[in-house]
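Counting starts at 1 for both ligands and their atoms, following the listed order. What you see is a predicted model; the values in this text were computed from it and never measured. Every heavy atom of this structure was used, including side-chain atoms; hydrogens, water molecules and symmetry mates were not.
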Amino acid sequence: MTSIGFVGLGRMGLPMALNLVRAGHRVAGFDLSAAALEAFAAAGGTLATSAAEAARGAEVIITMLPAGRHVRDAWLGEGGMAAAASADALLLDCSTIDVGTARELARTLGARMLDAPVSGGVMGAEAGTLTFMVGGEAAAFAAADPILASMGRKRVHCGAAGAGQAAKACNNMLLAISMIGTCEAFVLAERLGLSHQALFDVASTSSGQCWSLNTYCPVPGPVPSSPANRDYAPGFATALMVKDLGLAQQAAEEYGAATPLGQMALELYESFAAEDGSALDFSAIIGMLRGQPR
Ligand code: NAD
């Protein structure tokens, strides 16, 4: 049994923390929201009265917060967890944040700090099947692995501090670009009188194949499990894709990479979110590309 402080009990953090409780760990949870605290307590979690209290005496401290500024504040802000944590505690940030902040935290807090963002969404968090992309020292990764294994199926050590966030930003930028490309192919096929199924049968077994087409097809029919078949209920909401594309472009600017399609994908997803697509699955952008109101 490990004593764990868990800060950020939202849509992702709550089920992750509960999987740690189920695995037999002693988990002290904290969130700014009273409703989140209530939900954690109702499911058997132990409540802390502040982030610092959750951190105090814990062997492992985990954050699952909205963005870099929340994470920096929780660790380094006044009354934050850095001062309360014991010197040998393992520190894990599972939030999706910018690479720069992840590296700053590791510089400030040392080799025991890992960035460990996830993919798999709320369903993966509930089922304990998340994938963790981890940046930081190999020894800290090895020490964290059994804890991460209680919340996720796959753990990939991506490299030094920030590498987990870097992997997530690059993957999701590629995903957005491939989804837009897949949608454009279907829109053109529609105008040309080519059926969805015919395009799918050819492209999914030819050089156009990709995850966005083969597994997550943005039109109903060819892949029955894709969100297109349930009126684009997410899945992966457009608002989260906008966030991740923003982080990718921020990294591209800060580190001098040319990502013109990543920039265009961000602009298209921002427009779609502004047209009230924000809560829909990100594959619903096909409606905007058709030029049709939903
Ligand atoms: P959420 O908004 O549901 O939860 C965030 C929680 O953090 C909220 O309960 C909020 O009250 C709390 N919080 C904010 N500041 C705090 C502070 N200083 N101290 C304590 N609690 C604080 O968000 P979420 O969907 O759970 O996402 C969390 C992180 O996981 C984000 O970085 C997100 O990008 C990432 N993520 C989300 C998904 C998803 O499908 N929702 C998938 C992968 C990654």
Handout entry: No-hydrogen, no-angle side-chain donor-acceptor test under 3.5 Å, Gln249 and Glu253
Key = no
Handout entry: Among Asp115, Ile97, Val7, Leu76, side chain to side chain contact (heavy atoms under 4.5 Å, CB included) partner for Val71
Key = Ile97
Exercise for the section: Measure from atom 11 (O) of ligand 1 to every heavy atom in Asp31, Leu32, Val118 and give the option owning the shortest one. Expected result: Asp31
Practice task
Measure the distances from the heavy atoms of Pro66 to every atom of ligand 1 and state whether one is below 4.0 angstrom.
Solution key: yes
Exercise for the section: Give a yes/no on ligand 1: does Asp73 have at least one heavy atom closer than 4.0 angstrom to it? Expected result: no
Practice task
Return yes if a side-chain donor-acceptor contact under 3.5 Å exists between Glu59 and Ser3, otherwise no.
Solution key: yes
Practice task
Please indicate whether any nitrogen or oxygen in Thr96 is less than 3.5 Å from any nitrogen or oxygen in ligand 1.
Solution key: yes
Problem - Where ligand 1 meets Gly121 - atom numbers and elements under 4.0 angstrom, heavy-atom basis - result: 40 (O), 42 (C)
Problem - Leu199 side chain near Leu213 side chain, heavy-atom distance below 4.5 Å - result: no
Problem - Under 3.5 Å: N/O of Met12 near N/O of ligand 1 - result: yes
Exercise for the section: Select the closest option to atom 31 (C) of ligand 1 among Val122, Asp93, Leu65, judged by heavy-atom distance. Expected result: Leu65
Exercise for the section: State whether a side-chain donor-acceptor pair under 3.5 Å links Thr96 with Gln165. Expected result: no
Exercise for the section: Decide yes or no on ring pair (Phe, Tyr, Trp, His ring centres under 6.0 Å) for Phe141 and Phe132, but give the supporting numbers first. Expected result: CA-CA 11 Å; Phe141 174 69; Phe132 287 90; 9.8 Å; no
Practice task
Give the numbers and elements of all ligand 1 atoms closer than 4.0 Å to a heavy atom of Lys243.
Solution key: 31 (C), 32 (O), 33 (C), 34 (O)
Exercise for the section: Answer with yes or no whether Lys168 contacts ligand 1, where contact means a heavy atom under 4.0 Å from a ligand atom. Expected result: yes
Problem - Which atom of Ala279 lies closest to which atom of Ala237, heavy atoms considered - result: O-CB, 4.3 Å
Handout entry: Asn214-Ser204 side chain donor-acceptor pair, cut-off 3.5 Å
Key = no
Practice task
Report, in ascending order of atom number, the atoms of ligand 1 lying under 4.0 Å from any heavy atom of Ser33.
Solution key: 11 (O)
Fill in the blank from the handout: Scanning both residues in full, the closest heavy-atom pair of Ala85 with Ile61 reads CB-CD1, 3.4 Å
Handout entry: Short N or O distance, Asp244 and ligand 1, threshold 3.5 Å exclusive
Key = no
Fill in the blank from the handout: the protein heavy atom lying closest to atom 4 (O) of ligand 1 turns out to be Gly10 CA, 3.3 Å
Practice task
May I ask you to check whether Arg11 has an N/O atom sitting below 3.5 Å from an N/O atom of ligand 1?
Solution key: yes
Practice task
Quick one: look up the protein heavy atom nearest atom 39 (C) of ligand 1 and list residue, atom name and how far away it is.
Solution key: Leu240 CD1, 3.4 Å
Exercise for the section: Apply side-chain hydrogen bond (donor to acceptor under 3.5 Å, both in side chains) to the pair Ser178 and Ser212, showing each step before the final yes or no. Expected result: CA-CA 6 Å; Ser178 76; Ser212 296; 2.8 Å; yes
Completion exercise
The protein heavy atom nearest to atom 30 (O) of ligand 1 is Met64 CE, 3.1 Å
Exercise for the section: Would you mind running through ligand 1 and noting each atom that sits below 4.0 Å from a heavy atom of Ser95? Expected result: 32 (O)
Handout entry: Name of the residue among Phe236, Tyr232, Phe282 meeting ring pair (Phe, Tyr, Trp, His ring centres under 6.0 Å) with Tyr216
Key = Phe282
Exercise for the section: Would you mind running through ligand 1 and noting each atom that sits below 4.0 Å from a heavy atom of Val7? Expected result: 19 (N), 20 (C)
